[in-house]
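As the structure lists them, so they are numbered: ligands from 1, and atoms in each ligand from 1. Sequence positions, counted from 1, serve as the residue numbers for this chain.
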Amino acid sequence: MENNDVTQQNTEKRKRVFSAIKPTGNPTLGNYLGAMQYWGGMSDEYDCLFSVADLHAITVAIEPKDLRENSKRLFALLIAIGIDPQKNILFMQSHVPAHAELSWLLNNYTMFGEASRMTQFKDKSKKAPENVNVGLFDYPVLMAADILLYQADIVPVGDDQMQHVELCRNIALRFNNKYSPTFTVPVGKVPTFGARIYSLSDPTAKMGKSEGAGDGTVFILDKPEDIMRKFKRAVTDCDTKVKASKDKLGITNLLTIYASLTGGTVQSAEREFENADYATFKARVGEAAVERLRPIREKYERLRADDGALLGIMKDGADVAARLARRTLEKVYKKIGFVRL
Ligand code: TYM
């Protein structure tokens, strides 16, 4: 099977990439521009593993039917954005029990103080004070387990996950120092720009998938007319110049989105829209998004038409991932001193 080749290539010292996305809500243009758009092409250079982080999704309240639907949707979407399951190891996190096991072990090498400093925990606790559960607090340790199980060298993420990758590095270093080198210490990699896409209706807030953001959030699977409406309504300012600046967060965000969608830079986008009014500019950004997302949505719909095939791809990915994960996990159990059979 092709997936086995991925495992073998690693012995020839190709660097390994791991990243994941959680199936809460609907994946957004922020997820796509900040992280997912780069994942499809990485298998040319690296051995890549990508996962739907479903275990992470239950740290916030979620209905069983939504978890199921979101998980399948996201898995199909990852293929639709260009992750070829023949060239990458693509799997659902909960299908590989080693994630939960390593997470428990790593809890004991993670300090309460350092976990308490995670800004995402603080933000999410504020947003849902009635559900500040231990899983939400422990979430970055599970994320560290995801990465360390596969001895990943590189973790491509948006800006908001970098603090978690730093924590993962600290846990790996602590464990390696206490026992002996066990884990590859990974580096986080954020894109040069587009690492943080802001809401179209509030350009001070991240464009988030779980926050019920109304017209501020563009979803990857939105219909063209919805995408256009959201961009046309995007908040700007009372100036008239299409120029990036600290005082023009809405316009800066739109320029970043346009540059990221078209493969240009913010400066080239500024030049292109030098003489444009805001309405024209916003419509052009909307059109660029529609064109980029259209083939993704079409491929996604084809994939969703065959549930059995999708589950088959999940199973193949999980089998390969589980074998790799077991190797690391066994090493960890032995180093700590567990009796193994
Ligand atoms: P998640 O599901 O929130 O987001 C998935 C990826 O999208 C990026 N992202 C953004 N980038 C730019 N602008 C935005 N507005 C924006 N919103 C989200 C995120 O930075 C992320 O890269 N904990 C992770 C999932 C995870 C993971 C892992 C990631 C679980 N285990 C191991 C890397 C390695 C998360 O919640 O991402």
Side-chain angles (χ1 to χ4, degrees), residues 16-39 42 48-60 62 70-71 73-75 77-78 81 83 91-94 96 99-100 102-103 106 118-121 123-124 135-136 138-169 171-172 184 186-211 213 216-220 253 256-257 260-261 321 325:
R16 196 173 274 174
V17 161
F18 181 92
S19 202
I21 175 165
K22 59 184 183 322
T24 46
N26 209 341
T28 70
L29 187 63
N31 295 129
Y32 181 68
L33 296 181
M36 292 160 83
Q37 69 164 327
Y38 302 103
W39 295 354
M42 295 187 92
C48 298
L49 295 108
F50 296 106
S51 183
V52 171
D54 52 351
L55 295 173
H56 278 93
I58 60 166
T59 58
V60 292
I62 186 163
N70 291 353
S71 300
R73 177 171 58 200
L74 193 51
F75 195 87
L77 192 56
L78 289 178
I81 57 128
I83 297 176
F91 66 102
M92 299 284 291
Q93 185 188 32
S94 68
V96 180
H99 290 250
L102 184 62
S103 170
L106 295 182
M118 297 296 112
T119 53
Q120 211 166 75
F121 171 69
D123 291 349
K124 292 197 171 169
L136 188 65
D138 201 27
Y139 165 124
V141 183
L142 177 58
M143 183 165 155
D146 299 341
I147 298 167
L148 298 179
L149 268 180
Y150 301 101
Q151 308 290 352
D153 300 280
I154 300 167
V155 185
V157 282
D159 196 36
D160 63 327
Q161 295 299 324
M162 274 307 266
Q163 196 187 24
H164 294 160
V165 179
E166 276 306 309
L167 177 68
C168 169
R169 287 170 56 84
I171 297 171
T184 302
V187 290
K189 201 169 161 196
V190 295
T192 330
F193 59 92
R196 184 166 290 237
I197 300 297
Y198 295 92
S199 159
L200 300 186
S201 53
D202 174 7
T204 62
K206 185 179 88 167
M207 184 183 279
K209 60 173 138 54
S210 339
E211 284 95 18
T217 296
V218 175
F219 299 111
I220 301 177
N253 190 37
T256 307
I257 292 173
S260 184
L261 281 169

Sequence-distant partners of Asp159, salt bridge (charged side-chain N to carboxylate O under 4.0 Å, His left out), two or more places apart: Arg196
Please walk me through it: do Val157 and His164 pass side chain to side chain contact (heavy atoms under 4.5 Å, CB included)? CA-CA 10 Å; Val157 282; His164 294 160; over 6 Å; no
The protein residues that pass the under-4.0 Å heavy-atom test against ligand 1 are Phe18, Ser19, Ala20, Ile21, Lys22, Gly30, Asn31, Gly34, Ala35, Ala53, His56, Tyr139, Met143, Asp146, Ile147, Val155, Val157, Gly158, Asp160, Gln161, Gly194, Ala195, Arg196, Ile197, Lys206, Met207, Lys209
How about Gln120 and Gln163: do any of their side-chain heavy atoms sit closer than 4.5 Å? no
Mind checking what makes side chain to side chain contact (heavy atoms under 4.5 Å, CB included) contact with Ala35, not counting sequence neighbours? Trp39
Taking only residues two or more places apart in sequence or in another chain, which ones pass side chain to side chain contact (heavy atoms under 4.5 Å, CB included) with Tyr38? Pro191, Ser260
Under the side chain to side chain contact (heavy atoms under 4.5 Å, CB included) rule, what do Ile21 and Asn31 come out as? Steps first, then yes or no, please. CA-CA 8 Å; Ile21 175 165; Asn31 295 129; 4.0 Å; yes
